[in-house]
Amino acid sequence: MKITIGGLSGTGTSTIGRMLAKKLDYKFESGGNIARQMASEKGMTIEEYDKYLLDIGDTSSDFYRDNMQKEFGKSNDNFVLESRLGWFNV
């Protein structure tokens with residue numbers, strides 16, 4: 001089963017997603033974790049990375065994150081994905 005959870009930042013979607021995945025013994029993935037990994041690769045915090053992308057008008061990271069989620073959805077079953085657009089990507 002593929003379960004997606006979406007919502008605004010800071011509303012507990014990751015917490016609920018992790019709890020649900022643990023209870024069901026499913027994998028857990030988060031769009032936020034992917035974004036934080038991308039920021040870390042640039043030596044930035046997520047806040048710095050978001051501002052940087054807005055300042056330069058770069059949307060390629062959005063497409064990259066979407067593709068990462070699509071690949072995760074194709075190659076996994078029995079997972080919980082927390083992401084605003086996760087339902088669309090998997």
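Numbering starts at 1 and runs along the sequence shown. The basis for the numbers below is simple: all heavy atoms, side chains too, and nothing from hydrogens, waters or symmetry mates.
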Would you tabulate the side-chain donor-acceptor contacts of residues 28-39 under 3.5 Å, counting partners in other chains and residues two or more places apart, or write 'none'?
unit_1: S30; atom_1: OG; unit_2: G32; atom_2: N; d: 3.1
unit_1: S30; atom_1: OG; unit_2: N33; atom_2: N; d: 3.4
unit_1: S30; atom_1: OG; unit_2: E82; atom_2: OE1; d: 2.7
unit_1: N33; atom_1: OD1; unit_2: R36; atom_2: NH2; d: 3.1
unit_1: Q37; atom_1: NE2; unit_2: E41; atom_2: OE2; d: 3.3

Checking [X] side chain against [Y] main chain: does a donor-acceptor pair fall under 3.5 Å?
X   : Y   : answer
K2  : G73 : yes
T11 : G7  : no
D58 : L53 : no
E48 : T45 : yes

Atom pair [atom1]/[atom2] of [X] and [Y] - distance to nearest 0.5 Å:
X   : Y   : atom1 : atom2 : result
S75 : K27 : OG    : NZ    : 7.0 Å
T59 : L54 : OG1   : CG    : 11.0 Å
I56 : Y52 : CD1   : OH    : 3.5 Å
R18 : T13 : CZ    : OG1   : 9.0 Å

Next on the checklist: Are M68 and F63 connected into the same hydrophobic cluster when the rule is that any two of I, L, V, M, F, W, Y join if their side-chain heavy atoms are below 4.5 Å apart?
Outcome noted: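 They do not share one cluster, since no chain of ILVMFWY contacts under 4.5 Å joins F63 to M68.
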Next on the checklist: Could you see if M44 belongs to whatever hydrophobic cluster contains Y64? Use Ile, Leu, Val, Met, Phe, Trp, Tyr and a side-chain cutoff under 4.5 Å.
Outcome noted: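 They do share one cluster, since a chain of ILVMFWY contacts under 4.5 Å joins M44 to Y64.
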Next on the checklist: Run F79 and D77 through side chain to side chain contact (heavy atoms under 4.5 Å, CB included) and show every step you take.
Outcome noted: CA-CA 6 Å; F79 64 81; D77 287 318; 5.7 Å; no
Next on the checklist: Is there a side chain to side chain contact (heavy atoms under 4.5 Å, CB included) between K22 and M19? Walk through the geometry before answering.
Outcome noted: CA-CA 5 Å; K22 184 177 179 180; M19 290 170 60; 5.8 Å; no
Checklist entry - In the hydrophobic clustering (ILVMFWY, side-chain contacts below 4.5 Å, transitive), which residues join I46, or is it alone? => result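 Its cluster partners, ordered by chain and number, are none at all.
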Checklist entry - Could you walk me through whether S61 and Y49 pass the side chain to side chain contact (heavy atoms under 4.5 Å, CB included) check? => result CA-CA 10 Å; S61 66; Y49 188 61; 3.7 Å; yes
Next on the checklist: Is any side-chain heavy atom of L81 closer than 4.5 Å to one of I5?
Outcome noted: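 The answer is no; the side chains never approach within 4.5 Å.
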Checklist entry - What's the verdict on side chain to side chain contact (heavy atoms under 4.5 Å, CB included) for L24 and I3, showing C-alpha distance, side-chain angles and the deciding distance? => result CA-CA 11 Å; L24 296 173; I3 300 170; 3.8 Å; yes
Item to check | Which residues share a salt bridge (charged side-chain N to carboxylate O under 4.0 Å, His left out) with K51, sequence neighbours left out | outcome: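 For K51 the salt bridge (charged side-chain N to carboxylate O under 4.0 Å, His left out) partners, ignoring immediate neighbours, are D55.
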